[in-house]
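Only a predicted model underlies this, so the values are computations on that prediction, with no experimental measurement involved.
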Amino acid sequence: KTVVQQSLSPAHSARIADEARPQLEAARLRATLNRVALADRNARKMVDSIIAANSGSGASAVTGPRRLIIAEPNNVPGWPEATAVGRAVGDSLRRMLRTRARFTIVNPDSVRDELLRSRNVNEVTKSLNSDVVVSIKLRALPNDSGVMILQEWDLTAEPAFRTRLQVGKPGPKNEVLANLDAMLIGTVSNLNEMSKAPRRAP
């Protein structure tokens with residue numbers, strides 16, 4: 001029997017490549033986010049070990065209420081609803097932290113006004129007399145999907161302990177809050193652990 005092979009025309013090949021490109025980009029982004037999350041977990045284990053090792057050797061934890069800034073996202077390209085989603089996340093985190101005596105939440109309207117002037121963490125914390133920040137970040141992804149990232153800052157801690165990062169699971173934009181409770185619990189746990197870390201010199 002004779003097998004007849006048909007070759008794809010250049011136009012057909014280009015169309016197939018265009019259709020596959022968003023999936024490839026999304027796969028690359030997922031791989032990158034997974035690497036970031038793995039690196040953060042490994043760094044967290046190392047940090048926890050160092051904190052435990054220094055807990056009895058003069059490392060001073062922070063005591064008393066600390067002024068905490070919750071920084072919500074401004075306009076996110078490709079995601080008009082991101083501002084409202086970020087505010088919902090901020091409201092949920094404020095409710096969760098309201099019963100924790102360790103933190104005093106900086107007025108959200110004051111934070112929003114300051115973030116219109118600057119998104120630099122050092123400038124914002126200096127202006128609002130705070131040294132602890134939770135930054136809520138939302139990123140638009142291909143195919144009407146998105147991802148949420150929560151980053152915690154403790155600016156009085158030693159540099160190795162100063163920040164933690166949580167990356168949510170990429171997915172449809174309307175499902176980006178599916179694992180919100182777990183991420184918020186992780187954020188509160190990170191803040192408590194970072195407050196126990198060694199402090200940098202004044």
Are [X] and [Y] in one and the same hydrophobic cluster, where Ile, Leu, Val, Met, Phe, Trp and Tyr link if side-chain heavy atoms are under 4.5 Å apart?
| X | Y | value |
| --- | --- | --- |
| Met183 | Val85 | yes |
| Val147 | Leu165 | yes |
| Val188 | Val89 | yes |
| Leu177 | Trp79 | yes |
| Val111 | Ile105 | no |

Strictly distance-based, threshold 3.5 Å: is any side-chain N or O of [X] a donor or acceptor partner for the main-chain N or O of [Y]?
| X | Y | value |
| --- | --- | --- |
| Ser127 | Val124 | no |
| Ser189 | Ile185 | no |
| Thr125 | Asn122 | yes |

Can you give each donor-acceptor pair under 3.5 Å made by side-chain atoms of residues 129-138, sequence neighbours left out, with the distance rounded to 0.1 Å?
unit_1	atom_1	unit_2	atom_2	d
Ser130	OG	Arg67	O	2.4
Ser130	OG	Val132	N	3.3
Ser130	OG	Val132	O	3.3
Asp131	OD1	Arg66	NH2	3.0
Lys137	NZ	Gln151	OE1	2.8

Looking only at non-hydrogen atoms, find the nearest pair between [X] and [Y] and report the distance.
| X | Y | value |
| --- | --- | --- |
| Pro73 | Ala82 | CG-O, 4.0 Å |
| Pro65 | Thr104 | CB-OG1, 3.6 Å |
| Leu180 | Ser92 | CD2-OG, 4.1 Å |
| Phe103 | Ser195 | CZ-OG, 4.0 Å |
| Glu152 | Met194 | O-CE, 3.7 Å |
| Ala140 | Pro77 | CB-O, 3.5 Å |

Counting C-beta onward and ignoring hydrogens, is there a side-chain heavy-atom pair between [X] and [Y] closer than 4.5 Å?
| X | Y | result |
| --- | --- | --- |
| Asn75 | Thr83 | yes |
| Leu191 | Leu68 | yes |
| Glu114 | Ile69 | no |
| Pro108 | Ile70 | no |
| Glu175 | Lys169 | no |

Evaluate the salt bridge (Lys or Arg N to Asp or Glu O under 4.0 Å) criterion for residues Arg199 and Asp154: first the C-alpha distance (whole Å), next the side-chain angles of each, then the deciding distance (0.1 Å), finally the verdict. CA-CA 10 Å; Arg199 302 290 102 187; Asp154 186 336; 3.2 Å; yes
Do the side chains of Lys126 and Glu123 get close enough for a salt bridge, i.e. N-O under 4.0 angstrom?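 Salt bridge between Lys126 and Glu123, a charged N being under 4.0 Å from a carboxylate O: no.
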So, using side chain to side chain donor-acceptor pair (under 3.5 Å) as the criterion, who are the partners of Asn107 when residues are at least two apart?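 Not a single residue meets the side chain to side chain donor-acceptor pair (under 3.5 Å) criterion with Asn107.
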Let me confirm one number: the CG-CZ distance from Leu97 to Arg102, rounded to the nearest 0.5 Å.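 Those atoms lie 11.0 Å apart.
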Say you draw a straight line from OG1 of Thr187 to CD of Gln166; how long is it, rounded to the nearest 0.5 Å?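 With rounding to 0.5 Å, OG1 (Thr187) is 4.0 Å from CD (Gln166).
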Got a sec, which pairs hit salt bridge (charged side-chain N to carboxylate O under 4.0 Å, His left out) with one end in residues 90-99, sequence neighbours left out?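 Only Glu72-Arg94, Asp91-Arg94 qualify under salt bridge (charged side-chain N to carboxylate O under 4.0 Å, His left out).
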Assess the residue pair Val76 and Arg139 against the criterion (side-chain contact (heavy atoms from CB on, under 4.5 Å)); give the C-alpha distance rounded to whole Å, side-chain angles, the decisive distance to 0.1 Å, and a yes or no. CA-CA 7 Å; Val76 177; Arg139 297 286 183 268; 5.7 Å; no
